[in-house]
Amino acid sequence: MEGREYLNRFLKGKSEEEIIEKSRKYVENEEEILEGAFRNIAEVFEEFKTFLSMLKDFFTGEYKDVPGGTIAAASLAIFYYVFPFDIIPDIIPVAGWIDDITVIKFLWNLVREDLQKYMAWKGKQRKRKQKVFA
């Protein structure tokens, strides 16, 4: 579905006054909305990097303490992000990225404990490397 079709479906049945009123409310809270959005985007970007890093370390054999479900969830998050067909197409500004963020956040929450173990392991690896080169 093209962006214009999606927008028309979304707006169908809403009066012009309703649309204008909702838009006005969003604009009034512009700074708050942008601040929250950028904070969430930054968090999800870090989580996404963690998914990538964990998968890389798993597939190279450096880190093996990962359940199959966690590998599947991390792979799904990456696949969903890079695959061009989403629930909401990425061509639609902001809304197209929100579904990516939502899916990644949801999957992160499912495997949070395993990813936190991985991050602790990764931190120990960095400290070891620093000691070797110090």
Side-chain angles (χ1 to χ4, degrees):
M1 173 182 328
E2 285 186 31
R4 186 175 299 276
E5 286 178 52
Y6 179 81
L7 187 59
N8 287 337
R9 238 174 78 191
F10 176 75
L11 297 175
K12 189 175 183 176
K14 293 190 173 53
S15 70
E16 187 176 333
E17 291 81 24
E18 288 175 306
I19 295 167
I20 291 171
E21 182 60 24
K22 276 193 176 232
S23 299
R24 185 184 62 75
K25 286 181 180 177
Y26 284 123
V27 171
E28 286 175 355
N29 298 321
E30 173 188 16
E31 286 181 31
E32 183 179 318
I33 291 169
L34 288 175
E35 182 180 304
F38 285 119
R39 184 174 47 251
N40 285 337
I41 290 169
E43 288 172 10
V44 170
F45 180 72
E46 288 303 315
E47 292 166 359
F48 190 71
K49 284 181 6 185
T50 302
F51 277 130
L52 284 172
S53 180
M54 183 186 66
L55 285 177
K56 177 184 171 200
D57 287 342
F58 176 78
F59 289 125
T60 61
E62 289 184 49
Y63 183 71
K64 297 180 184 191
D65 188 25
V66 187
T70 298
I71 294 299
S75 298
L76 182 61
I78 292 164
F79 178 76
Y80 192 82
Y81 178 75
V82 299
F83 198 71
F85 302 104
D86 291 355
I87 295 168
I88 301 173
D90 290 341
I91 338 187
I92 300 171
V94 183
W97 305 315
I98 289 174
D99 73 315
D100 291 347
I101 290 170
T102 303
V103 168
I104 292 169
K105 262 315 224 192
F106 173 75
L107 293 170
W108 172 268
N109 289 334
L110 287 178
V111 299
R112 177 182 307 263
E113 189 175 309
D114 294 320
L115 289 169
Q116 287 173 341
K117 287 179 189 175
Y118 168 74
M119 290 186 303
W121 174 84
K122 192 74 169 172
K124 289 177 186 174
Q125 297 300 334
R126 285 188 189 119
K127 286 180 184 177
R128 282 189 197 143
K129 286 181 183 178
Q130 288 173 351
K131 286 181 181 178
V132 169
F133 294 110

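For the numbers below, each heavy atom of this structure counts, side chains included, while hydrogens, waters and symmetry mates do not.
- Taken from OG1 in Thr50 to CD in Gln116, the straight-line distance is 10.0 Å, to the nearest 0.5 Å.
- Phe51 approaches Val111 most closely through the heavy-atom pair CE2-CG2, 3.9 Å.
- Annotation: salt bridge (charged side-chain N to carboxylate O under 4.0 Å, His left out) contacts of Lys127 (sequence neighbours excluded): none.
- Qualifying ring-ring contact (aromatic ring centres under 6.0 Å, His included) partners for Tyr63, counting only residues two or more places apart in sequence or in other chains: Tyr118, Trp121.
- Between Asp57 and Lys64, no side-chain nitrogen of the basic residue sits less than 4.0 Å from a carboxylate oxygen of the acidic one, so the salt-bridge criterion is not met.
- In this structure, the side-chain hydrogen bond (donor to acceptor under 3.5 Å, both in side chains) partners of Lys49, at least two apart in sequence or on a different chain, are Glu46.
- With sequence neighbours left out, the salt bridge (charged side-chain N to carboxylate O under 4.0 Å, His left out) criterion links Asp114 to no other residue.
- Distance check, rounded to the nearest 0.5 Å: NZ of Lys117 to OG1 of Thr70 gives 9.0 Å.
- For Ser75, the side-chain contact (heavy atoms from CB on, under 4.5 Å) partners at least two apart in sequence or on another chain are Leu55, Ile71.
- To the nearest 0.5 Å, atom CD of residue Glu47 and atom CE of residue Met119 are 8.5 Å apart.
- Legend: residues meeting salt bridge (charged side-chain N to carboxylate O under 4.0 Å, His left out) with Lys56, ordered by chain and number and at least two apart, are absent.
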